[in-house]
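For reference, the structure is listed below as structure tokens.
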Amino acid sequence: MPDVGSSLTDEQVRAVLRQMDAALGQGDVEAYLQHVDPSLEPAQRAWFAAVHAVPMDVRQIRLDSVVSRNSSEGTVAHVGLRHQITGGDPEPLLEQYRWVFAQDGDGPVRLVASTGRNGALFGHPQVWDRGEPVAVLEGDHVLVLAPEGSRAEAELLLDTLDLAAGRSLETLTFLARGREVLVVHLVGAELLEEATGVAESPTGEQLLKVSPDEIPWDAPRLTGTDTPVASRLLLDVDLAVDDLSELGASPGGHTSLRYVAAASALWGDDVNLWPQGWVVEGVSNWWSAAEDPHFLDSLRIQVGEHHRGSGPPATLPVVPDLSDPDSVDAFTLESVSLALHVAEVHGQSALIDLAGRLVLLDSRYDEKGIESAYVDVLELGQDELLQQWAAWSGQLAESVDGSLPPPTV
């Protein structure tokens, strides 16, 4: 182990990272490992191989900053992996690590420790960070990444995921921009929770910062507070297989992928923008069921039962106190109801067009623009839409007979 007590300059760290970046770009693992301490070599060899297993147009290492020089640990730097998955990432993204460097006397500077950088939006972990080979499966419209140990499950799911990706890219204009395929990470529940912070969920969205422009080596920071973000789409592989085994293949492809693909696109690339809350939940749940008649009928029944108990809506859905599960459930159902109403009365294309406009407008500041979006697409404002939706919800409530089991929304 090199002497961690000796501190390194920024230039020394930058110099070794330049050499590691060059080796990564050339695919030369032995040259890369010359800058890695032997104790870390197996893990970094596996990481290097996994990063190269995934088809990418960009693979670069860049320094964000040297953050500490600790006599008991070494010189700590925040380092970014700038990468762009072929066909799936419209622009390069950044995953950030906490790397520790040290030097033994006059010997080479070496990487002696690697973890993910703490905090939101740094994109760690990815599937290539697990220390095992990555299975890469390609469909016409989807690129599936999974741990090699889950290859059999990924192969089982490939056709239904490909169908869902194809229909989503073809239909959801706000999703398709710049994408030829959807990249889907099939992972275990533990990694999904670690990546998203959400436990026991069939899907997740992991946010990473976008890095559209080349980053010079003397850049003061890799990103800023206003840097746009993009989402990685994660599915719990075991729950996805269970869904397929128990319910069979959905006519529109895997419903969980349809949901998370729509939701990730509707959240957009600006974490500081707050669109009208009903759009994300309502449209995503509608799209998950839109081409599955049985699922869609079940969804309508659950929404109708909600309106039968609560009466017609008095306002467009408003995001509730998120600590109140009953209010959250009611908000979700009313958001789905409004999406169903717009799709059935005004048409699917109108709902998609309206959603694509509303998610670009901040509900706190853009009331005029929001009203214009409704008028432009539906030819009626929000008050008129509310009256129309309330009447429709009453009719739906009367039609509910409970003949189908409700879905989980």
Side-chain angles (χ1 to χ4, degrees), residues 164 167-177 251-252 255 258-259 261-263 265-268 274-308 310-319 330-363 366-400 407 409:
R167 295 296 300 134
S168 298
L169 289 168
E170 179 183 352
T171 309
L172 303 179
T173 53
F174 50 79
L175 169 67
R177 298 168 185 149
T255 56
R258 290 172 65 106
Y259 171 85
L266 288 166
W267 277 118
W274 295 3
Q276 283 193 322
W278 76 268
V279 180
V280 176
E281 278 303 307
V283 175
S284 302
N285 278 288
W286 163 79
W287 178 244
S288 71
E291 296 178 330
D292 186 327
H294 181 75
F295 188 18
L296 190 60
D297 285 345
S298 299
L299 199 62
R300 294 179 86 257
I301 286 172
Q302 188 171 0
V303 167
E305 290 176 341
H306 167 75
H307 287 305
R308 188 167 61 182
S310 65
T315 66
L316 296 185
V318 177
V319 177
F331 164 74
T332 300
L333 287 166
E334 296 205 353
S335 298
V336 175
S337 173
L338 182 53
L340 286 169
H341 165 72
V342 174
E344 294 183 10
V345 174
H346 298 275
Q348 173 176 295
S349 60
L351 175 61
I352 293 169
D353 186 8
L354 179 63
R357 297 179 187 224
L358 289 178
V359 294
L360 300 177
L361 300 168
D362 196 305
S363 59
D366 296 329
E367 183 56 40
K368 184 176 180 180
I370 290 170
E371 182 72 7
S372 295
Y374 283 97
V375 173
D376 290 347
V377 176
L378 305 181
E379 298 185 352
L380 74 170
Q382 294 173 84
D383 290 341
E384 296 168 289
L385 174 62
L386 175 60
Q387 294 175 12
Q388 189 186 78
W389 173 40
W392 177 90
S393 70
Q395 296 171 354
L396 179 63
E398 292 177 1
S399 71
V400 169
V409 178

Atom pair OG/CG of S349 and L354 - distance to nearest 0.5 Å: 11.0 Å
Distance-only side-chain donor-acceptor flag, S337 / H307, under 3.5 Å: yes
Nearest-0.5 Å distance, OG of residue S372 to CD of residue E367: 9.5 Å
Audit row: K368, E371, salt bridge (Lys or Arg N to Asp or Glu O under 4.0 Å) steps and yes/no: CA-CA 5 Å; K368 184 176 180 180; E371 182 72 7; over 6 Å; no
Heavy atoms from other residues, nucleotides or ligands near CH2 of W389 exceed 12 (cutoff 6.0 Å): yes
Any donor-acceptor N/O pair, D366 side chain to D362 backbone, under 3.5 Å: yes
Residue pair D292, R258: steps toward the salt bridge (Lys or Arg N to Asp or Glu O under 4.0 Å) verdict: CA-CA 11 Å; D292 186 327; R258 290 172 65 106; over 6 Å; no
For the student: nearest non-hydrogen atoms of A339 and V283, plus distance: CB-N, 4.0 Å
Donor + acceptor pair across side chains of Q348, E291 (<3.5 Å): no
Donor-acceptor pair, side chain of S284 and main chain of A263, under 3.5 angstrom: yes
Residue pair D353 / R357: nearest heavy atoms and the distance that separates them: OD1-NE, 3.0 Å
Test log, rule side-chain contact (heavy atoms from CB on, under 4.5 Å), inputs F174 and L360: CA-CA 10 Å; F174 50 79; L360 300 177; over 6 Å; no
W274 backbone acceptor or donor facing S363 side chain under 3.5 Å: yes
Nearest non-hydrogen partners of S168 and L175, listed with the distance: CB-CD2, 3.6 Å
L380 to L385 - nearest heavy-atom pair and separation: CD1-N, 3.5 Å
Stepwise side-chain contact (heavy atoms from CB on, under 4.5 Å) check, Q382 with I370: CA-CA 9 Å; Q382 294 173 84; I370 290 170; 3.9 Å; yes
Any Q276 side-chain heavy atom under 4.5 Å of L338 side chain: no
Other residues, nucleotides, ligands: >12 heavy atoms within 6.0 Å of D376 CG: yes
Side chain to side chain, S310 and E334, heavy atoms closer than 4.5 Å: yes
Distance in Å, F295 CZ paired with T255 OG1, rounded so as to fall on 0.5 Å steps: 5.0 Å
Beyond-backbone contact of L316 with Y374, side-chain heavy atoms, under 4.5 angstrom: yes
Minimum-distance pair of heavy atoms, taken over all atoms of T332 and N285: CG2-ND2, 4.1 Å
Shortest non-hydrogen separation from L351 to A343 and the atoms involved: CD2-CB, 3.9 Å
Donor + acceptor pair across side chains of Q388, H341 (<3.5 Å): yes
Heavy-atom donor-acceptor pair, E398 side chain to Q395 backbone, under 3.5 Å: no
Beyond-backbone contact of W392 with L340, side-chain heavy atoms, under 4.5 angstrom: yes
R300: which of V400, V336, L396 passes side-chain contact (heavy atoms from CB on, under 4.5 Å): L396
